[in-house]
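Below is one structure; the comments refer to it alone.
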Amino acid sequence: MYKSILKPFFFSLDPEKAHHFTFNSLKFINKIPGVSAIIRSKFQVNDTRLEREVFGLKFKNPVGLAAGLDKDAKLYSELEHFGFGFIEIGTITPKAQDGNPKKRLFRLVEDHALINRMGFNNGGIDQAIERLKKNKGTLIGGNIGKNKVTPNEQAIDDYEICFDALFPYVDYFVVNVSSPNTPNLRALQDKEPLTALLNALQTKNNGKPKSKPILLKIAPDLTDSQLLDIIDIVAETKIAGVIATNTTISREGLQSEKKVETGGLSGKPLTQRSTEVIRFLADKSNRAFPIIGVGGIHSPADAIEKLEAGASLIQLYTGFIYEGPALIKAINKKILEQYN
């Protein structure tokens, strides 16, 4: 039904309007008695063989939702009903910000891709926390960033504010320094500032009664030399792992006329490169840390490829939009078939 009825309707709308319409609709229908149970029965695969223990957390299955879809923690419970093993919210910044001017989200239908230049639009940390206080068991990752107006020299302050405020309400943290849509943010991926940022967060983390996993989300556009630096930084700062990868600024091989739009590209064109990054990190580090694989997963085969390259968990975003919620179930069933 998704591909034949819902998707054509959603794709007839402006992408950002379609997003808000979908969120409001899901919120509404899940308030109808029995609907949540029906969705769970249709899409969830409940099997203990899917469970994974990664960086000290127990995931009911390895298929998660990547950050960017539920930026403000508005729909994490309803989205979990579709069979996700975990939900990553954000990117959240200390203060609310509007993000970049619209229009800022584009479908590249011929390429099964999206380009976004949202710019960390979110309602700020306080609003997200109020919603997270209502969490009834969803495993949540908190993706954190800096406000646009905060200079890079003061970026650590923003990340620390988010870390402290979110700490009681999320299960793991993701440090986002790889979005191409906040000016100069990617400069924080350089070895010196990134090491300083992660060490600052780890110092706070180690001061808590019980620390929580901190992961680093990296761009697919890093060179081999930069990826080797990432391996060194993970070892030095002792963070829990890496998410590979964020969106790309590359436009290689695209067919759509919308390829001229600036922003981060996600979807099928990213499939191969994100897998290459996962494999490089896993091989060169001798699998020293867990990797969450994300980027261009549009089929069960794509998911298996990420896992075999070295990912411990995977996340969907653009594939979820193009293929629909049945993709989650199909991936989990394929994992059961492949590994059990």
Side-chain angles (χ1 to χ4, degrees), residues 2-3 7 39-40 42-55 57-70 76 79-88 111-114 138-139 141 143 172 174 215 217-220 241-248 264-283 287 289-340:
Y2 178 80
K3 285 193 173 181
K7 181 181 171 183
I39 293 173
R40 288 194 298 271
K42 181 172 177 58
F43 292 106
Q44 290 189 1
V45 181
N46 295 308
D47 193 311
T48 56
R49 293 174 297 169
L50 287 169
E51 292 176 359
R52 301 288 185 272
E53 188 164 322
V54 187
F55 38 79
L57 297 176
K58 189 173 183 180
F59 296 80
K60 63 184 180 182
N61 71 63
V63 186
L65 178 69
L69 195 71
D70 192 10
Y76 57 86
L79 288 166
E80 187 191 28
H81 295 329
F82 289 112
F84 287 113
F86 59 108
I87 305 288
E88 193 170 307
D111 302 295
H112 292 81
L114 297 172
T138 302
L139 198 154
N143 188 301
Y172 69 87
V174 180
L215 288 83
K217 189 163 189 176
I218 63 170
V242 170
I243 298 185
T245 62
N246 210 323
T247 56
T248 182
L265 174 76
S266 62
K268 273 193 176 182
L270 196 52
T271 305
Q272 182 178 343
R273 177 55 187 164
S274 64
T275 303
E276 289 172 354
V277 172
I278 292 164
R279 185 174 288 112
F280 185 95
L281 292 174
D283 290 350
R287 303 207 174 201
F289 49 84
I291 299 167
I292 298 181
V294 55
I297 300 175
H298 285 243
S299 70
D302 294 334
I304 296 299
E305 186 178 49
K306 293 278 192 289
L307 295 168
E308 293 187 343
S312 301
L313 305 166
I314 58 169
Q315 290 178 324
L316 309 180
Y317 181 89
T318 306
F320 179 55
I321 293 169
Y322 272 87
E323 308 302 328
L327 177 61
I328 308 156
K329 183 175 183 177
I331 291 172
N332 278 319
K333 292 183 81 168
K334 185 66 175 178
I335 290 169
L336 285 173
E337 176 189 315
Q338 188 92 0
Y339 296 111
N340 296 287

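Note: hydrogens, waters and symmetry copies are ignored here, and every other heavy atom, side chains too, is used. This structure is a prediction, so every number in the text was calculated from the model and none was measured.
Listed for the Asn332 side chain is no donor-acceptor partner under 3.5 Å among the backbone atoms of Lys329.
Inter-residue side-chain proximity for Phe82 and Leu65 is flagged as unmet; no heavy-atom pair is nearer than 4.5 Å. Glu308 is not listed as a side-chain neighbour of Arg279, based on a closest heavy-atom distance of 4.5 Å or more. Counting only heavy atoms from C-beta outward, the side chains of Leu336 and Leu50 approach each other to under 4.5 Å. With contacts defined as side-chain heavy-atom distances shorter than 4.5 Å, the pair Leu316/Leu69 does not qualify. Between Phe86 and Leu313 there is a side-chain heavy-atom pair separated by less than 4.5 Å. By the 4.5 Å heavy-atom criterion applied to side chains, Val242 and Phe289 are counted as neighbours. Between Lys306 and Ile297, the closest side-chain pair of non-hydrogen atoms falls below 4.5 Å.
Ring planes of Tyr322 and His298: tilted class, angle from 30 to 60°. Between Phe84 and Phe320, the ring planes lie perpendicular to each other; the angle is over 60°, past the 30° to 60° tilted range.
Salt-bridge formation is detected for the pair Lys3/Glu323: a Lys NZ or Arg NE/NH1/NH2 atom is positioned less than 4.0 Å from an Asp or Glu carboxylate oxygen.
Between Glu88 and Tyr172, the side chains place a donor N or O and an acceptor N or O closer than 3.5 Å (distance only, hydrogens not considered).
Shown here for Asn61 and Val63, the closest heavy-atom pair between the two residues is OD1-N, 2.9 Å.
Counting non-hydrogen atoms of neighbouring residues, nucleotides and ligands closer than 6.0 angstrom, the CD atom of Gln272 reaches no more than 12 such neighbours.
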